[in-house]
2 protein chains.
Amino acid sequence: MADSAGSQAGSRKAPLSRELVLSTALALVDAEGLDALTMRRLGQELDRDPMSLYRYAANRAALLDGVSELVLDELAIFPDDPDWQSQLRKIAHDLRLLALRHPNVVPLLVTRPLSTPLGLRPLGTLRPLEQILALLIEAGFTPAVALHVYRAYYGFLYGHILNELQEYIVDPDENEAILRLGLHRLPAKSFPHLRALGPVLADYDGAAELDQGLAILLSGLAGQLSAGQRESPS
Amino acid sequence: MADSAGSQAGSRKAPLSRELVLSTALALVDAEGLDALTMRRLGQELDRDPMSLYRYAANRAALLDGVSELVLDELAIFPDDPDWQSQLRKIAHDLRLLALRHPNVVPLLVTRPLSTPLGLRPLGTLRPLEQILALLIEAGFTPAVALHVYRAYYGFLYGHILNELQEYIVDPDENEAILRLGLHRLPAKSFPHLRALGPVLADYDGAAELDQGLAILLSGLAGQLSAGQRESPS
DNA sequence: ACAAATTCTCTACACTGTAGACTTTATGCG
DNA sequence: CGCATAAAGTCTACAGTGTAGAGAATTTGT
């Protein structure tokens, strides 16, 4: 039948591999959102039968895990900077940018681990944790304390990302319109402060906001480092 | 046909209302998870045709929004305590407990707002924001600064909750087994620190962890309050 | 008691993930 | 080379999903 006329004028019939599957899945999610990632649709994107995908991901959930692992792999952590604080700052900004690059994947990043016990998560997902632990221990924290620090730090970081993505609106032209329109809907009586903050809400600087939060957190953590060396005594 | 033999020996045929629909939806999610909440299943739970639900929620997404709104309504904020710090601490713990009470809803809480511009969210969802803003402004923060503080605070809070739920495992007996089993799977070479932390990971005290993080955050914020009164200068 | 509005139900359709059997293609070995 | 074996890809089918649209049942107003 003719030439099968593949989707993207690509190489006739690419050999198909886990990486290829996952990366087209990611592209699809980036372009059209999570709901667009169905087996049939992905199969069509790869010009293959949907069923062939099951050779590279046990089921849809596993495929989603694969996608978030793939995204997290974009986060490179170099332990070159000796100052742990500036290092944490750098990772934070890297992760922020990564989230902005793949906003549709963020729900996965945040949600998938909730249904998978820590030890059984895809390895790529655990790498940042391990590396940050290494970094903190290197910086002089007790392993146990390092874990606490990691939790505070990563917790804050994920929280910030969620916050920022919530207020992020794609088209900056529509931004003010939608925002004001939305706020206008709020009953003035019960939401006076929120409504008054309309203009401030409109120009949100995520990077600055993140830096500000980090400053607070890191100063607090530095305090812990000097004072709380004798932790986990029992 | 007998007596239609309803599901739960309940009152013959309850009149059905938005609240009833949402609360049974919540109960279902609490008991069996998000995936169990399908229109058909919920209809069956209420002993009604699935289609009747559309009178109380425009579609499934709206129903999910309704559920998260319902959950957030459980969070009562009383502005009685004059000390804003202890007030924030109380809210934090309340929200934490709420999350532990409805772990299956947390993904909704975190995820739904990402697909809804701020101004168009269910009102119940915005109430905490408004109330905390009021609290902070009352405490002496500039409205603009109050917004920043709110973001740092709530960001951290959501982050903590996600962290805690990730490490939370239902059956404490299986806990250690699963955990160790999971960790054992990790290649010792690339994950030395994580593996070494097994025991520490096993006994996680969420409340303490939260308090610790809050202490760090609040001390930093208090600094901002005294020093940074001249914010948003332009 | 009748009309109007509300609420609930039925049927149907397009779409989902995926089990199981089958066909095609690649690979190893004499 | 030829054939056995394995791997990769495909086809069909099924149970389940959300929800549009028309209809039936019920409640309400007068």
Side-chain angles (χ1 to χ4, degrees), chain A residues 1-8 10-25 28-29 32-68 104 107-108 111-112 115-116, chain B residues 1-8 10-25 28-29 32-68 104 107-108 111-112 115-116:
Chain A
M1 323 289 176
D3 186 29
S4 85
S7 44
Q8 304 277 62
S11 49
R12 193 156 295 273
K13 278 253 186 178
L16 208 52
S17 70
R18 177 167 165 93
E19 287 125 41
L20 181 61
V21 168
L22 289 185
S23 64
T24 33
L28 186 55
V29 171
E32 308 188 27
L34 273 180
D35 292 344
L37 180 55
T38 73
M39 302 310 253
R40 287 169 163 90
R41 180 67 199 283
L42 183 54
Q44 160 182 334
E45 214 73 20
L46 289 162
D47 203 11
R48 283 291 186 321
D49 187 282
M51 279 300 137
S52 57
L53 302 175
Y54 285 87
R55 216 151 287 262
Y56 305 98
N59 48 40
R60 183 164 191 270
L63 198 141
L64 294 180
D65 280 335
V67 170
S68 41
N104 295 333
L108 286 188
T111 274
R112 292 292 318 158
S115 21
T116 325
Chain B
M1 339 273 174
D3 186 28
S4 84
S7 43
Q8 303 279 64
S11 49
R12 192 156 296 272
K13 277 252 185 179
L16 209 49
S17 68
R18 177 168 166 92
E19 287 124 42
L20 181 62
V21 168
L22 289 185
S23 66
T24 34
L28 185 55
V29 171
E32 308 189 27
L34 273 180
D35 291 345
L37 180 53
T38 74
M39 301 310 253
R40 288 170 162 88
R41 180 69 199 282
L42 183 54
Q44 160 183 333
E45 213 73 20
L46 289 162
D47 203 10
R48 284 290 187 321
D49 186 282
M51 279 299 137
S52 57
L53 303 175
Y54 286 87
R55 194 107 2 206
Y56 306 97
N59 47 40
R60 185 165 189 270
L63 198 142
L64 295 179
D65 280 335
V67 170
S68 42
N104 294 334
L108 286 188
T111 271
R112 293 291 318 156
S115 22
T116 324

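These figures come from a predicted structure and were not determined experimentally.
When the C1' atom of C:dG17 is taken as reference, atom CG of A:D35 falls 15 Å away, rounded to whole Å. What separates CG of A:L16 from P of C:dA26 is a distance of 13 Å, to the nearest Å. If you take CG of A:D49 and P of C:dT24, they are 14 Å apart, rounded to a whole angstrom. Atom CG in B:L20 sits about 15 Å away from atom C1' in C:dT7, given to the nearest Å. For B:L53 and D:dT17, the CG to P distance is 13 Å, given to the nearest whole Å. Atom-to-atom, CG of B:L46 to P of C:dT7 comes out at 16 Å; the value is rounded to the nearest Å.
Remark: B:L46 CG to B:L16 CG distance equals 6.0 Å, nearest 0.5 Å. To the nearest 0.5 Å, atom CG of residue A:D49 and atom CE of residue A:M39 are 11.0 Å apart. Of the inter-residue distances, the one linking A:E19 atom CD with A:T24 atom OG1 reads 11.0 Å to the nearest 0.5 angstrom.
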For this session: Can you run through DNA chain C from 5' to 3' and write each base as (, ), [, ], | or . depending on how it pairs? Watson-Crick or G-U wobble, both distances under 3.5 Å.
Result: .|.|||||||||||||||||||||||.|||
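A search for salt bridge (charged side-chain N to carboxylate O under 4.0 Å, His left out) contacts involving B:R60 returns nothing, not counting sequence neighbours.
Contact annotation: A:S52 side-chain N/O to D:dT10 OP1/OP2 distance is under 4.0 Å.
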Problem set entry | From CA spacing to verdict: side chain to side chain contact (heavy atoms under 4.5 Å, CB included), A:R55, A:V21 | CA-CA 10 Å; A:R55 216 151 287 262; A:V21 168; over 6 Å; no
For this session: Applying side chain to side chain contact (heavy atoms under 4.5 Å, CB included), run through B:L64 and B:V29 and close with a yes or a no.
Result: CA-CA 10 Å; B:L64 295 179; B:V29 171; 5.9 Å; no
For this session: For A:Y56 and A:L20, run side chain to side chain contact (heavy atoms under 4.5 Å, CB included): C-alpha distance rounded to whole Å, both residues' side-chain angles, the deciding distance at 0.1 Å, then the answer.
Result: CA-CA 10 Å; A:Y56 305 98; A:L20 181 61; over 6 Å; no
Exercise. Could you walk me through whether A:R40 and A:Q44 pass the side chain to side chain contact (heavy atoms under 4.5 Å, CB included) check?
Worked result: CA-CA 6 Å; A:R40 287 169 163 90; A:Q44 160 182 334; over 6 Å; no
Seminar exercise, completed: Expected string for nucleotides 18-28 of chain D under the B/S/- scheme (protein heavy atoms, under 4.0 Å, primed atoms plus P, OP1, OP2 as sugar-phosphate) is BBBB-------
